[in-house]
Amino acid sequence: MPSSGPEDHVIKSEVTRAGPDYGLVKLTASVVDILKEYGPGALAGSFPDNRPPASIKFGIGDVVSVTIFEAAAGGLFIPAEAGVRPGNFVQLPNQNVDSAGNITVPYAGAVRAAGRTPGEIQQDIVRAIGNRAIEPQVVVALITQNTSLISVLGEVNTPQRLQANAAGEHVLDVIARAGGPKGQGYETWVTLERRGKRATVPFGALVYQPANNVWVHPGDTIYVYREPQVFLAFGAQGQQGQFTFDMWKINMSQALAKAGGLLDAQAEPAGVYVYRREPRELAERLGVDCSKFVGPLVPVVYNVDLRDPAGFFLTTKFEMRDKDVLFAANAATVDSAKWLQYVRLVIATANDTTVAANNVQILRINSRQ
């Protein structure tokens with residue numbers, strides 16, 4: 001008989017005519033607790049080092065200023081007649097860290113700057129001129145930062161490369177400096193890439209789960225993009241089709257409500273399912289026999305029994321994921337009703353033919369009279 005999907009008993013038999021095998025998992029309180037440990041990708045898990053970034057170091061192309069102080073006039077840099085000046089110092093012209101990673105200081109020569117902090121460079125210069133200048137002190141400052149940059153791309157109001165803040169910043173701070181996301185937060189995703197490693201989370205995870213709002217390091221790339229999260233609903237529900245979350249996360253009960261709920265005259269309350277691919281590690285913890293599956297992802301079908309009043313509590317704790325398939329199976333009596341309706345249609349068709357023939361015969365008899 002016509003149907004919008006597999007029957008309840010067929011799904012529970014875990015037998016497929018074609019396509020991949022799957023593991024059937026009955027939704028229980030313990031299953032829900034395990035699933036909480038495996039939410040959408042988390043920056044905190046991919047970048048577990050929660051320490052602030054190290055001090056900013058100079059790189060090739062940075063513009064640097066060097067100021068040298070002497071304790072008295074008449075030294076290496078301060079002439080004797082300069083005693084009336086308001087400060088015994090000389091400021092060298094700003095210079096770029098050259099392609100070899102050095103800056104040049106008179107009487108000190110080439111001083112290594114790339115990959116080093118201002119304090120380290122200052123000590124080198126003092127050591128180089130210490131026996132020629134009068135108790136020298138040196139201040140090295142970064143004038144234009146061209147290497148310790150953070151790239152913010154995608155759906156932000158001002159995509160740009162930002163200078164790293166010496167005080168350190170978190171992901172939300174950097175996105176704010178780029179003008180914030182263009183779209184609604186619940187349909188926005190954020191990808192952080194650092195030294196070839198990448199992780200993606202919903203924007204809401206940065207706001208509502210502070211652990212994901214990790215420190216940003218110089219050289220990081222943050223990509224912001226919009227992709228509304230959706231789920232697909234089929235079967236004995238009020239509506240069928242693709243539905244958007246319209247929030248950064250929803251649970252199964254909310255998804256059922258969005259799809260119009262179960263049809264009272266058609267749905268099997270014990271046959272509500274969510275189709276999803278799960279990591280092999282999670283599937284094994286859920287009791288699925290993974291020996292027949294190949295690859296890191298395992299097809300899993302979750303089943304909740306809504307004939308049990310407690311089932312509705314479980315649906316409020318079961319979080320939907322992007323691209324989940326929500327299916328409500330027909331009750332067993334629906335096929336019986338369809339069959340009886342079909343038989344009735346056949347009988348009615350035959351009866352209509354008999355009635356039509358009788359009517360024609362009656363008309364003939366009446367026409368002869």
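Fair warning: this is a prediction, and the values are worked out from it, not measured in the lab. The first residue in the sequence is number 1, and the count goes up from there.
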Below 4.5 Å, heavy atoms only, C-beta onward: do [X] and [Y] meet side chain to side chain?
{"X": "Asn165", "Y": "Val174", "result": "no"}
{"X": "Ile222", "Y": "Ile175", "result": "yes"}
{"X": "Lys258", "Y": "Asp246", "result": "yes"}
{"X": "Ile34", "Y": "Leu286", "result": "yes"}

Side chains of [X] and [Y]: is there a donor and an acceptor less than 3.5 Å apart?
{"X": "Tyr38", "Y": "Glu281", "answer": "yes"}
{"X": "Gln361", "Y": "Asn358", "answer": "no"}
{"X": "Glu319", "Y": "Asn251", "answer": "no"}

Parallel, tilted or perpendicular: ring planes of Phe89 versus Phe69, cut at 30 and 60 degrees: tilted
Please determine if Arg127 and Asp124 form a salt bridge, counting it only when a charged side-chain N lies under 4.0 Å from a carboxylate O. yes
Under 6.0 Å between ring centres: does that hold for Phe203 and Trp189? no
Are Phe327 and Phe234, when compared by the centres of their aromatic rings, separated by less than 6.0 Å? no
Going through the distances and angles, do Phe245 and Tyr186 end up as a ring-ring contact (aromatic ring centres under 6.0 Å, His included)? CA-CA 8 Å; Phe245 283 18; Tyr186 58 76; 9.8 Å; no
Is Lys26 positioned over the aromatic face of Tyr302, cation under 6.0 angstrom from the ring centre and no more than 45 degrees off axis? no
Against the six-membered ring of Phe58, is Arg116 placed for a cation-pi contact (under 6.0 Å from the centre, within 45° of the normal)? no
Please lay out, stage by stage, how Glu37 and Arg285 fare under the test salt bridge (Lys or Arg N to Asp or Glu O under 4.0 Å). CA-CA 11 Å; Glu37 303 175 26; Arg285 289 192 60 185; 2.8 Å; yes
Tightest non-hydrogen contact, residues Ile129 and Pro106, listed as CG2-O, 4.2 Å
With a cut-off of 6.0 Å (strictly less than), are more than 12 heavy atoms of other residues, nucleotides or ligands near CZ of Arg198? no
The test is salt bridge (Lys or Arg N to Asp or Glu O under 4.0 Å); show your working for Asp305 and Arg307 and say whether it passes. CA-CA 5 Å; Asp305 183 358; Arg307 288 189 183 277; 5.4 Å; no
With rounding to the nearest 0.5 angstrom, report the CD to CG distance, Glu284 to Asp289. 9.0 Å
Does Ala199 offer a backbone N or O that forms a donor-acceptor pair with the side chain of Glu193 under 3.5 Å? no
